[in-house]
Amino acid sequence: MTYFLPQKLDDALELIQDGSAKLVAGGTDFYPAMQKGQAMGRIVDLSRLGDMQGVTKDGDGWRIGGATTWTELIAAPLPPAFDGLKQAACTIGSVQIQNAATLAGNLCNASPAADGVPALLTLDASVELASVRGRRILPLGEFITGVRQTRIAADEILSAILVPALPDHAVGRFEKLGSRRYLVISITMVAAVIGVGPDGLINFARLAVGACSAVAKRQPALEAALIGQRPQTVEVTPDDLTGLSPITDMRGDAEFRLIAAARQSTRAIQNRERS
């Protein structure tokens, strides 16, 4: 094994330009996935890249460095639309995991049960991919393509998550169902960002469902149907959720997952007071 700990993003990009290196940040997914006796090869640790850390204002929107930990995100002063993402962050493993695990790692691991993905989808997030060839930006909805599959190239690093400006009155929510409250993989999860006008009617709505398909899915038809409704009267049914393909496994069957996701959607829409 050869281990590198660069201090700057440009140095890291030089180290990985041949596409042979394995990237590690928090390592909370990487090391548990290693098989006994498996050769580790060249490892580039991104956890010390200062230019990939922290949450900053970026014009009218926000820039979250790819090496930002979940603990750092939770502590960041962000508008109410980010509340759902912060609630999701609090469910990712233990506090020790949150102290080490990074947002970019959560996205690049591309698990269908990645808790950060639905919330970031409701924020209309994009990812910035850097290489020695330059930088490109992809919407998050196009970046993750399947189970453990993304559009990142072998010589690229997910350097930042970009979130555009959102209405000041919009509030984020996150609902997670697991076999217990903490340290558990999601059976289903729902994130929403809901804005209610002075008349008490919804005038901004985004909702995404995770762990019910290979990739978390926004629900554009439901979002459109919510406009003009009072949040307290909304009752989402499984028929309102489209594009999902939940599996049946030891944690729950497909029908149960759809029913649970619909109920979570209702709660996320109705319970929009800031925590």
Side-chain angles (χ1 to χ4, degrees), residues 3 5 22-36 38 40 43-50 52-55 64-78 82-123 125 127 140 144 147-148 150 158 160-161 163 172-192 208-212 215-216 249-252 257 260-261 264 267-268 271 274-275:
Y3 176 82
L5 186 63
K22 298 180 178 68
L23 303 183
V24 174
T28 56
D29 290 312
F30 178 80
Y31 291 109
M34 295 293 295
Q35 301 297 313
K36 185 176 181 179
Q38 180 179 347
M40 300 183 75
I43 294 179
V44 177
D45 186 338
L46 309 178
S47 63
R48 297 295 184 269
L49 298 183
M52 266 182 55
Q53 296 174 342
V55 182
I64 305 171
T68 302
T69 67
W70 291 105
T71 296
E72 291 168 336
L73 177 83
I74 293 167
L78 290 164
F82 285 81
D83 284 3
L85 182 60
K86 289 192 174 191
Q87 290 163 1
C90 292
T91 74
I92 294 176
S94 62
V95 171
Q96 293 90 336
I97 293 295
Q98 294 161 20
N99 288 342
T102 64
L103 274 72
N106 192 248
L107 300 184
C108 290
N109 191 49
S111 166
D115 290 329
V117 175
L120 284 167
L121 285 173
T122 62
L123 294 172
V127 296
L140 178 58
I144 300 175
V147 179
R148 314 289 184 185
T150 72
L158 198 164
I161 297 102
V163 177
R173 298 292 300 178
F174 179 76
E175 296 281 341
K176 174 172 178 171
L177 175 64
S179 57
R180 57 183 185 270
R181 186 167 184 180
Y182 297 110
L183 298 172
V184 64
I185 297 173
S186 293
I187 297 172
T188 59
M189 56 182 152
V190 168
V209 179
C212 284
V215 177
D249 63 12
M250 63 183 295
R251 293 179 294 123
R257 280 186 159 94
Q264 288 176 307
R267 285 203 300 266
N271 185 17
R274 192 167 194 192
S275 302

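Computation of the quantities below employed the complete heavy-atom set of this structure, encompassing side-chain atoms and omitting hydrogens, waters and symmetry-equivalent molecules.
Listed for the R257 side chain is no donor-acceptor partner under 3.5 Å among the backbone atoms of T188. Side chain of K86 to backbone of A76: a donor-acceptor contact under 3.5 angstrom is found. Between the T122 side chain and the A208 main chain, no donor and acceptor come within less than 3.5 Å of each other.
Ion pairing between a basic and an acidic side chain is recognised when a charged N comes within 4.0 Å of a carboxylate O; R148 and D29 show no such pairing. Salt-bridge formation is not detected for the pair D83/R173: no Lys NZ or Arg NE/NH1/NH2 atom is positioned less than 4.0 Å from an Asp or Glu carboxylate oxygen.
Between A114 and N106, the shortest heavy-atom contact is CB-OD1, 3.7 Å. Across all non-hydrogen atoms, the minimal contact from I92 to G116 is CD1-N, 4.5 Å. Closest of all the heavy-atom pairs between L78 and V55 is CD2-CG1, 3.7 Å.
The side-chain heavy atoms of V215 and P112, taken from C-beta on, include no pair separated by under 4.5 Å. The closest side-chain heavy-atom distance from V190 to F174 is not below 4.5 Å. Counting heavy atoms from C-beta on, the side chains of S47 and V24 never come closer than 4.5 Å.
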For this session: Begin with the C-alpha distance, continue with both residues' side-chain angles, and end with the deciding distance and a verdict on side chain to side chain contact (heavy atoms under 4.5 Å, CB included) for L85 and W70.
Result: CA-CA 10 Å; L85 182 60; W70 291 105; 3.9 Å; yes
Exercise. Can you list the steps and then say if M189 with V209 is a side chain to side chain contact (heavy atoms under 4.5 Å, CB included)?
Worked result: CA-CA 6 Å; M189 56 182 152; V209 179; over 6 Å; no
For this session: Evaluate the side chain to side chain contact (heavy atoms under 4.5 Å, CB included) criterion for residues Q98 and T69: first the C-alpha distance (whole Å), next the side-chain angles of each, then the deciding distance (0.1 Å), finally the verdict.
Result: CA-CA 6 Å; Q98 294 161 20; T69 67; over 6 Å; no
Problem set entry | From CA spacing to verdict: side-chain hydrogen bond (donor to acceptor under 3.5 Å, both in side chains), S111, N109 | CA-CA 6 Å; S111 166; N109 191 49; 5.1 Å; no
Problem set entry | Derivation and outcome, side chain to side chain contact (heavy atoms under 4.5 Å, CB included), residues R48 and Q53 | CA-CA 8 Å; R48 297 295 184 269; Q53 296 174 342; 5.6 Å; no
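Considering L23, L46, T102, L107 in turn, L107 is the only one that fulfils the side-chain contact (heavy atoms from CB on, under 4.5 Å) rule with L158.
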